[in-house]
Asker: 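Here it is, the structure in full.
In what follows, every heavy atom counts, from backbone to side chain, and hydrogens, waters and symmetry copies are set aside. Labels below follow one simple rule: chain letters A, B, ... track the order of the sequence lines, proteins then strands, and each chain is numbered from 1.
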Number of protein chains: 2
Amino acid sequence: MATIYQVSELAGVSLATVSRVMNKNARVSEKTTKKVEEAMETLGYRPNSMARSLASNRSNSVGLLVSEVHGPFYGAMMSGIESELRASGMHVIIAAGHSEEATEKDGIEFLIDRSCDALILHVEAVSDEYLLELSRGRTPFVLINRDVESIEDNCICLDNELGGYLATRSVLDQGHTHIAYISGPLWKKDAKERYLGHQRALQESGLTQSSSLSFEGDFQAEGGSQGMRHLLASPDAFTAVVCGNDEMASGAMDEVRDQGLAIPGNISVQGFDNVGFSNYMFPKLSTVDYPVEAMGVMAARWVLKNVYNKNDLAVKNVFRPKLIARDSVKKLPR
Amino acid sequence: MATIYQVSELAGVSLATVSRVMNKNARVSEKTTKKVEEAMETLGYRPNSMARSLASNRSNSVGLLVSEVHGPFYGAMMSGIESELRASGMHVIIAAGHSEEATEKDGIEFLIDRSCDALILHVEAVSDEYLLELSRGRTPFVLINRDVESIEDNCICLDNELGGYLATRSVLDQGHTHIAYISGPLWKKDAKERYLGHQRALQESGLTQSSSLSFEGDFQAEGGSQGMRHLLASPDAFTAVVCGNDEMASGAMDEVRDQGLAIPGNISVQGFDNVGFSNYMFPKLSTVDYPVEAMGVMAARWVLKNVYNKNDLAVKNVFRPKLIARDSVKKLPR
DNA sequence: TGAAGAAATGTAAGCGCTTTCATTTATACC
DNA sequence: GGTATAAATGAAAGCGCTTACATTTCTTCA
């Protein structure tokens with residue numbers, strides 16, 4: 001492996017000059033530049049990234065912590081981040097947090113120890129205080145899908161309340177008035193906010209959520225099934241169910257069918273997230289689009305701007321969800 | 001940030017000794033070890049990973065190239081790899097190849113330049129020759145889902161031919177005799193082998209594939225829809241379709257329904273891969289399990305064994321697919 | 001008890017770059 | 001042509017570790 005020294009020898013210049021032409025961060029005469037580039041070419045020189053990092057104190061790596069590496073949601077997020085960062089020559093190191101406090105903290109430490117220049121975090125279990133504390137450290141980070149007071153600028157969020165509102169609004173607009181709700185775990189802020197949006201939509205129509213028609217699930221398919229079982233066993237009738245995310249909507253749909261009912265004939269189902277498979281379901285799931293890939297890209301831009309000084313980039317912190325009407329919600333006659 | 005030097009000072013020993021207790025690669029007396037560990041503790045010392053890498057010529061990072069960062073298939077793969085490697089303290093750097101030759105090569109170079117100790121590659125577009133050439137370089141790599149002659153030991157594969165056989169065998173076992181096939185792009189080895197397995201199953205039952213009932217798709221939902229449209233327009237009747245993967249099965253199912261037919265009432269559908277959403281589909285898709293997460297784990301083990309000298313690990317190169325019978329294939333009366 | 005050998009520790013030379021500061025060379029202007 | 005100034009280049013000191021080799025300290029056993 002050729003080193004910078006050999007290049008400098010062959011080009012008949014000093015180490016410093018070679019470094020300068022590599023980094024284009026100081027003026028070098030055209031003639032010298034050419035000599036150096038030729039030398040690099042003939043030696044097949046590739047700079048040693050570790051040496052560069054050590055000397056410059058920049059690793060050009062960004063740590064990415066997601067709850068799960070698999071799953072359509074994180075896939076889209078990682079995809080946006082990877083492409084945006086690689087286009088700028090940075091690499092991304094991934095780690096999983098599994099929505100558990102200890103694992104999330106561990107992952108963050110791991111990434112920091114790995115000399116990441118910045119972190120992109122999708123964390124759920126860790127407390128706001130921990131994140132505030134972290135923000136006083138020397139590794140900058142940006143949060144996806146989390147809004148922490150006093151470091152709002154580091155947060156890239158979806159307006160979940162609005163999303164919850166849109167989801168239920170859409171069902172109301174189709175004439176439904178008896179609406180059940182299966183929420184995510186309410187200790188998760190996004191689950192809570194979606195539920196609040198749902199309630200706002202109901203209130204706007206002069207309705208309130210009957211407590212027997214509301215169920216707290218786990219954001220997984222199984223929780224959706226459980227929820228639907230619970231709801232169908234309730235004395236109160238309903239014609240539609242709004243779910244906190246698409247996975248639970250899927251589970252709920254399975255249960256509806258298991259009980260011999262039709263979708264959307266007997267029961268309409270509304271999801272949230274618009275993850276990849278919602279379009280593969282049958283009937284195709286009406287849902288709310290979570291622009292997760294775009295938000296991933298934005299997180300990457302935040303890093304490029306705030307850590308790598310690409311100041312011309314604009315960063316948008318709050319994204320608006322959008323209703324995706326498909327086939328799982330039936331229009332009711334008035 | 002404390003350095004090794006400060007630790008050595010506080011502990012009253014030399015740099016070398018501190019390094020030794022960090023790496024546990026030479027004997028240090030118990031007494032000294034304790035002194036050093038205490039010093040580390042009180043200084044909150046964290047080794048600088050870049051300096052370690054430069055000095056030891058080991059980055060403890062493994063590059064992972066997948067075709068797409070999103071998508072259920074790669075998600076499961078990455079998940080297996082990430083967890084296995086992180087448990088051993090290695091980190092994984094991801095890059096996407098997008099199934100295009102130039103992008104794949106570019107990604108590989110990128111990862112090599114990033115000083116990865118090893119590469120885990122899921123490549124499709126790059127040639128066998130290129131990979132052989134690469135194998136002569138100094139960065140070791142392991143291939144997932146690719147079988148290259150003369151470097152078989154570096155390959156972690158699924159027996160796709162067997163999978164194709166099982167898929168069709170299962171449909172035959174349910175009494176179907178008029179079977180259509182929607183393959184993946186036949187230039188991809190796995191698509192080809194699955195198709196071959198399919199044909200073997202047919203032959204075993206004394207049947208042959210009617211050419212009008214065979215369609216070459218693109219491994220995407222859209223290709224499945226196209227294929228089904230094509231097949232339904234053919235003069236030959238069929239009661240079942242076997243698809244090269246689950247995405248195409250999903251697309252095919254949409255088309256079947258669009259034409260007013262029932263699944264599996266009129267047409268049975270068999271998939272391949274058992275990706276996450278196949279269980280969310282309706283009816284639940286009968287498919288063939290591709291143990292992609294396990295294969296990811298195995299690729300990680302290959303790296304641990306061959307690059308990081310964890311010799312006690314066993315590596316299995318060829319995985320066997322398994323039939324997953326669900327609801328999309330109907331049993332025909334004889 | 002002391003010599004030989006093993007175990008523990010220290011010394012110092014890198015690893016391949018970046019960057020500050022000093023020096024040389026080119027350019028401009030009177 | 002000579003001086004002031006700017007531009008180009010070079011010399012060398014790190015960055016924070018690892019590790020080969022040298023040295024010191026401890027064991028062992030005749």
Asker: Separation of B:L43 atom CG from D:dG16 atom C1', in whole Å?
Answerer: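 It works out to 15 Å between those atoms.
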Asker: Could you tell me the separation between the CD atom of B:Q6 and the C1' atom of D:dC17, rounded to a whole number of Å?
Answerer: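 Roughly 14 Å, once rounded to whole Å.
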Asker: Side chain of B:R52 only, heavy atoms from C-beta on: which candidate in C:dC17, D:dG10, D:dC17 is closest?
Answerer: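 Comparing C:dC17, D:dG10, D:dC17 against the side chain of B:R52, the answer is D:dC17.
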Asker: Is A:R52 paired with B:D113 through a side-chain N to carboxylate O contact shorter than 4.0 Å?
Answerer: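 Salt bridge between B:D113 and A:R52, a charged N being under 4.0 Å from a carboxylate O: no.
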Asker: Between A:N25 and B:A26, which is nearer to the 5' end of DNA chain C once each is assigned its nearest nucleotide?
Answerer: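 The residue mapped nearer the 5' terminus is B:A26.
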Asker: Does a nitrogen or oxygen in the side chain of B:T17 sit under 4.0 Å from OP1 or OP2 of C:dG10?
Answerer: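 Answer yes for this pair, as a side-chain N or O of B:T17 is under 4.0 Å from OP1 or OP2.
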Asker: Within 45° of the six-membered ring axis of B:Y308 and under 6.0 Å from that ring's centre, is NZ or CZ of B:K305 located there?
Answerer: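 No.
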Asker: Using whole Å, what does the distance between atom C1' of nucleotide C:dA13 and atom CG of B:L54 come to?
Answerer: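 Atom CG in B:L54 sits about 13 Å away from atom C1' in C:dA13.
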Asker: B:R46 has an atom CZ; how far is it from atom C1' of D:dC15, in whole Å?
Answerer: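 Distance check: B:R46 CZ to D:dC15 C1' gives 20 Å.
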Asker: Heavy atoms from C-beta onward define the side chain here; which of C:dC17, C:dC15, D:dT19 lies closest to that of A:Y45?
Answerer: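 The listed nucleotide nearest to A:Y45's side chain is C:dC17.
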Asker: Return the nearest nucleotide to the side chain of A:A55; candidates are D:dC17, C:dT19, D:dG14.
Answerer: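 So the side chain of A:A55 is nearest to D:dG14.
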Asker: When you measure from the side chain of B:A16, which nucleotide among C:dT18, C:dA12, D:dT18 comes out closest?
Answerer: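 Nearest nucleotide to the side chain: C:dA12.
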Asker: Given C:dT18, D:dG10, D:dG16, identify the nucleotide with an atom nearest to the side chain of A:S19.
Answerer: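 Looking only at side-chain atoms, A:S19 lies closest to C:dT18.
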Asker: Please tell me which of the listed nucleotides, C:dG10, D:dC17, C:dT18, lies nearest to the side chain of A:I4?
Answerer: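 Closest nucleotide among those given: C:dT18.
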Asker: I need the CG-C1' distance between B:N57 and D:dG16, as an integer number of Å.
Answerer: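 Roughly 16 Å, once rounded to whole Å.
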Asker: Quick one: which of D:dG10, D:dC17, C:dG10 gets closest to the side chain of B:T3?
Answerer: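 So the side chain of B:T3 is nearest to D:dC17.
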Asker: Taking for each residue the nucleotide of DNA chain D with the nearest heavy atom, is it B:A51 or B:R20 whose nucleotide lies nearer the 5' end?
Answerer: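 The residue whose closest nucleotide sits nearer the 5' end is B:A51.
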Asker: So that I know where these two stand, are B:F73 and B:Y290 an aromatic pair - ring centroids less than 6.0 Å apart?
Answerer: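 Yes, they do, as the ring centres are separated by less than 6.0 Å.
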Asker: Take the protein atom CG of B:L15 and the nucleotide atom P of D:dA20, then report the distance between them rounded to whole Å.
Answerer: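 Going from B:L15 (CG) to D:dA20 (P), I get 16 Å.
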Asker: May I ask you to decide if B:M77's main-chain N or O and B:E293's side chain share a donor-acceptor pair within less than 3.5 Å?
Answerer: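 Judged by distance alone, no pair lies under 3.5 Å.
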Asker: If you define the side chain from C-beta out and look only at heavy atoms, does anything of B:I81 sit under 4.5 Å from B:V303?
Answerer: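 Side chain of B:I81 against side chain of B:V303, heavy atoms only: no contact under 4.5 Å found.
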Asker: Taking CG in A:N23 as the centre, count heavy atoms belonging to other residues, nucleotides or ligands within less than 6.0 Å. Is the count above 12?
Answerer: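 Yes, CG of A:N23 has more than 12 neighbouring heavy atoms, counting only those of other groups under 6.0 Å.
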Asker: Decide yes or no on side-chain hydrogen bond (donor to acceptor under 3.5 Å, both in side chains) for B:D153 and B:N317, but give the supporting numbers first.
Answerer: CA-CA 7 Å; B:D153 287 351; B:N317 289 86; 5.2 Å; no
Asker: If the cut-off is 4.0 Å, is A:S14 near the phosphate of D:dT9, judged by side-chain N/O to OP1 or OP2?
Answerer: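 No, A:S14 has no side-chain N/O under 4.0 Å of OP1/OP2 on D:dT9.
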Asker: Atom CG of A:N23 to atom C1' of C:dT19: distance rounded to whole Å?
Answerer: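 One finds 10 Å between C1' of C:dT19 and CG of A:N23, rounded.
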Asker: Could you please spell out the steps behind the side-chain hydrogen bond (donor to acceptor under 3.5 Å, both in side chains) verdict for B:S115 and A:S49?
Answerer: CA-CA 7 Å; B:S115 317; A:S49 68; 2.6 Å; yes
Asker: Please list, by residue number, the residues of residues 27-38 of chain B whose heavy atoms come closer than 4.0 Å to an atom of DNA chain C; answer none if no residue qualifies.
Answerer: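 B:R27, B:V28, B:S29, B:T32 - these, ordered by number, are the residues of the stretch whose heavy atoms sit under 4.0 Å from the strand.
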Asker: What integer distance in Å separates B:K24:NZ from D:dT18:C1'?
Answerer: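 Atom NZ in B:K24 sits about 16 Å away from atom C1' in D:dT18.
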